[in-house]
2 protein chains.
Amino acid sequence: MPSPDRPQHALPYPPSGSTAGTFDRGPGRNGRGRREQILTAAAELFARHGFHGVGIDDIGAAVGISGPALYRHFRSKDAMLGEMLVAISEHLLTGGQAKVDNAPDPQVALRELIRWHVDFALDAPALITVHMRDLANLTDPDRRRVRALQRRYVEVWVDTIRKTMPQVAEPAARAAAHGVFGLINSTPHSAHLDREQMAQLLSRMALAALTTPGVLPDE
Amino acid sequence: MPSPDRPQHALPYPPSGSTAGTFDRGPGRNGRGRREQILTAAAELFARHGFHGVGIDDIGAAVGISGPALYRHFRSKDAMLGEMLVAISEHLLTGGQAKVDNAPDPQVALRELIRWHVDFALDAPALITVHMRDLANLTDPDRRRVRALQRRYVEVWVDTIRKTMPQVAEPAARAAAHGVFGLINSTPHSAHLDREQMAQLLSRMALAALTTPGVLPDE
DNA sequence: CCAGACGGTTAACGAGCGCTAACGGTGCTC
DNA sequence: GAGCACCGTTAGCGCTCGTTAACCGTCTGG
């Protein structure tokens with residue numbers, strides 16, 4: 001890892017601050033908490049140093065265990081990234097779809113969609129970063145799954161955009177949606193406003209970019 | 001490299017399409033062309049597979065030579081990335097600064113700035129991708145240089161934004177600038193429109209996001 | 001109370017990869 | 001035409017890192 005902030009070496013047993021590890025011993029009753037804890041730590045590290053810039057030992061150290069112990073929870077390092085990105089993509093899609101389904105009209109749907117994505121980006125900047133950057137490091141089947149989910153998520157946006165502005169051509173709507181993702185996902189690069197200000201700013205920029213008359217071309 | 005499109009193995013000597021390699025033999029008169037050719041090929045590969053996903057042999061193969069031959073032109077693989085990213089950052093900064101300096105007023109300056117960045121993103125999508133994704137893989141000194149150049153480029157934007165809208169607070173302007181970068185840099189993810197349509201769309205989205213009244217908060 | 005799953009440990013293997021070493025051919029310059 | 005800079009080549013070293021092997025304490029269910 002070339003970057004600074006390399007995680008320290010781990011203590012032989014869970015460090016003081018560890019919440020899990022005391023209540024979830026024994027067969028069967030654990031698993032869930034530990035796996036999530038590992039994925040969270042791994043996401044943070046992947047976001048900072050990139051997938052290949054993080055070693056298995058680093059991830060282990062971040063949760064207070066040693067490298068190879070991770071293989072009790074995941075089949076491989078690739079599987080960690082895969083599970084992480086598939087989970088994000090599914091979360092984004094189902095949440096976005098739900099927002100649209102529950103909205104009374106397309107205008108509200110679009111605002112809700114924007115806010116949904118903004119909230120996610122602000123609450124999980126590490127996941128957003130990894131999601132944007134490390135797609136290329138996925139296994140082929142994992143990448144196919146993630147790509148498929150992404151495509152469906154984009155379609156939700158495209159449909160909503162075209163319902164609010166029926167004269168916009170589909171390719172333009174798709175390109176605009178990608179642009180808005182880029183806009184909103186820029187959040188990890190600028191954390192100088194507080195959360196609510198940032199959410200408002202991004203939401204308004206996104207809405208203005210999409211709905212200002214004359215921006216999206218008529219077909 | 002996990003992804004498809006892995007470059008084929010190279011022929012022992014420059015392939016048919018090679019432009020350089022025939023005219024620039026001998027001591028002294030070459031160098032420039034070859035280095036650029038290598039950086040271009042490397043940028044393309046880095047963009048597709050990530051810095052660590054590309055081997056020295058892959059880069060060599062892409063320009064028709066074998067891996068270690070690259071060390072006749074670059075000190076190390078890190079140096080290639082470093083030179084690449086420093087060059088981009090300088091190019092972006094000096095070009096952007098020039099646009100602002102030559103503009104008659106801030107409004108025009110902002111439009112020119114947007115168009116400048118859009119053109120660059122559309123003409124060099126590989127460089128943009130690498131620039132966004134592989135900053136973490138730079139050597140510490142290289143990263144410092146790139147970061148410094150980026151900061152200055154952002155300042156050009158922040159100044160221009162605040163000259164057109166003096167009531168906007170600096171942190172908000174900075175966050176907005178980052179957002180617009182994300183918007184414009186999303187271009188590699190959506191190449192479904194032709195160049196000019198894409199340029200217009202991105203420029204208008206960016207301008208609307210920045211200048212629509214009520215979007216950027218008053219201080 | 002004991003069988004066994006769970007979830008840790010350390011040691012070590014093997015592959016991949018960046019980089020160096022050693023060497024050779026080509027074409028310019030004096 | 002001797003010398004040399006340039007720019008290739010192949011062989012191989014050494015390190016990093018993902019992964020597996022072998023082993024062990026702890027807690028639980030029958």
Side-chain angles (χ1 to χ4, degrees), chain A residues 1-2 6-7 9-15 18 20-38 42 45-46 49-82 137 139, chain B residues 1-2 6-7 9-15 18 20-38 42 45-46 49-82 137 139:
Chain A
M1 267 191 315
R6 191 194 191 97
H9 218 78
L11 302 161
Y13 270 89
S18 172
T22 37
F23 292 118
D24 48 13
R25 287 300 175 74
R29 62 205 93 7
N30 181 19
R32 208 69 64 206
R34 200 56 155 169
R35 281 175 66 87
E36 266 183 45
Q37 186 195 9
I38 292 171
L45 289 171
F46 290 165
H49 308 287
F51 179 69
H52 289 293
V54 175
I56 217 73
D57 290 341
D58 299 319
I59 303 172
V63 297
I65 62 181
S66 240
L70 295 171
Y71 288 80
R72 302 289 170 201
H73 304 278
F74 295 93
R75 219 172 48 261
S76 68
K77 192 189 171 196
D78 292 312
M80 292 184 214
L81 184 65
N137 297 123
T139 305
Chain B
M1 267 193 311
R6 191 193 191 102
H9 218 76
L11 302 161
Y13 270 88
S18 174
T22 36
F23 293 117
D24 49 12
R25 286 301 177 76
R29 61 207 95 359
N30 181 19
R32 208 70 63 207
R34 201 59 157 164
R35 282 174 64 87
E36 267 183 44
Q37 186 195 10
I38 292 169
L45 289 171
F46 290 166
H49 310 286
F51 180 69
H52 288 291
V54 176
I56 218 71
D57 291 340
D58 299 318
I59 303 173
V63 297
I65 62 180
S66 238
L70 295 171
Y71 290 82
R72 302 290 170 200
H73 305 277
F74 295 93
R75 223 173 46 262
S76 65
K77 189 188 171 196
D78 292 314
M80 293 184 214
L81 183 65
N137 297 123
T139 305

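These numbers come from a predicted model, not from an experiment. So that the names make sense, note that chain A is the first sequence line, chain B the second, and so on, each numbered from 1.
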What integer distance in Å separates [X]:[atom1] from [N]:[atom2]?
X        : N      : atom1 : atom2 : answer
A/Leu70  : C/dC6  : CG    : C1'   : 15 Å
B/Tyr71  : C/dC17 : OH    : C1'   : 9 Å
B/Arg34  : D/dC6  : CZ    : P     : 16 Å
A/Leu45  : D/dG18 : CG    : P     : 12 Å
B/Asn137 : C/dC17 : CG    : P     : 15 Å
A/Ile59  : D/dG18 : CD1   : P     : 8 Å
A/His52  : D/dC15 : NE2   : P     : 22 Å
B/Ile65  : D/dT9  : CD1   : P     : 6 Å

(request) Could you check if a side-chain atom of B/Met80 sits within less than 4.5 angstrom of a side-chain atom of B/Ile59, using non-hydrogen atoms only? (result)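 Counting from C-beta outward, B/Met80 and B/Ile59 do come under 4.5 Å.
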
(message) Could you check whether any side-chain heavy atom of A/Lys77 comes within less than 4.5 Å of a side-chain heavy atom of A/Asn137, counting everything from C-beta outward?
(response)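 They are not in contact (no side-chain heavy atoms under 4.5 Å apart), so the answer is no.
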
(message) What's B/Ile56 touching, base or sugar-phosphate or nothing? Going by heavy atoms closer than 4.0 Å.
(response)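 Contact class for B/Ile56: sugar-phosphate only.
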
Which atom names give the shortest non-hydrogen contact between [X] and [Y], and what distance separates them?
X       : Y       : value
B/Ala69 : B/His73 : O-CD2, 3.7 Å
B/Ile65 : B/Leu70 : CD1-CD2, 3.9 Å
B/Ala62 : B/Leu45 : CB-CD1, 4.0 Å

(message) With a cut-off of less than 4.0 Å, is there a side-chain N or O of B/His73 near OP1 or OP2 of D/dG8?
(response)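 Answer yes for this pair, as a side-chain N or O of B/His73 is under 4.0 Å from OP1 or OP2.
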
(message) Pick the closest DNA chain D nucleotide for A/Phe51 and for A/Arg72 by heavy atoms, then say which residue is nearer the 5' end.
(response)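 On the 5' side of the pair lies A/Phe51.
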
Can you figure out which of [options] approaches the side chain of [X] most closely?
X       : options               : answer
B/Pro68 : D/dT19, C/dT9, C/dC19 : C/dC19
A/Ala69 : D/dA11, C/dT9, D/dG18 : C/dT9
B/Ser66 : D/dT9, C/dT9, C/dG18  : D/dT9

(message) Between B/Asp57 and A/Gly67, which residue's closest nucleotide on DNA chain C lies nearer the 5′ terminus?
(response)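 Upstream on the strand: A/Gly67.
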
